[in-house]
**Q** 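Sharing a structure below in structure tokens format, with a few things to ask.
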Amino acid sequence: MDNLMSQAVDLMIAGMGFVFAFLVILVFATLIMSKLISRLTPPEPATPVRTPRAKPSAPTSVDPDTAEAIKKAIAQFRARHKK
């Protein structure tokens with residue numbers, strides 16, 4: 001029984017060692033690939049500076065027929081959506 005337990009502990013330690021070694025190798029491989037890719041790819045173009053947009057100029061006057069149609073549409077909407 002004692003021999004079996006000793007083998008189990010040895011196998012567990014060996015397995016954990018292999019997993020740890022694999023993860024360390026994986027981290028270094030990822031770092032090397034990242035540096036290699038950053039050297040091989042062209043630099044990204046600079047983003048242009050955003051210029052503020054000019055505010056759209058509001059019409060100086062609204063056609064009376066259009067204003068009346070808007071008023072009727074608003075009244076109809078409010079009548080339908082009363083709480």
**Q** Could you state the interatomic distance from CZ (Phe18) to CG (Leu23), rounded to the nearest 0.5 Å?
**A**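 CG of Leu23 is found 13.5 Å from CZ of Phe18.
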**Q** Going by atom type alone, with no hydrogens or angles, which donor-acceptor pairs under 3.5 Å involve a side-chain atom of residues 64-79 and a protein atom two or more places apart or on another chain?
**A**
none

**Q** Show me, pair by pair, the donor-acceptor contacts under 3.5 angstrom made by side chains of residues 26-38, not counting sequence neighbours?
**A**
| from | atom 1 | to | atom 2 | distance (Å) |
| --- | --- | --- | --- | --- |
| Thr30 | OG1 | Leu26 | O | 2.8 |
| Ser38 | OG | Ser34 | O | 3.4 |
| Ser38 | OG | Lys35 | O | 2.8 |

**Q** Let me check something: any side-chain donor-acceptor pairs from residues 3-10 under 3.5 Å, sequence neighbours excluded? List them with distances.
**A**
none

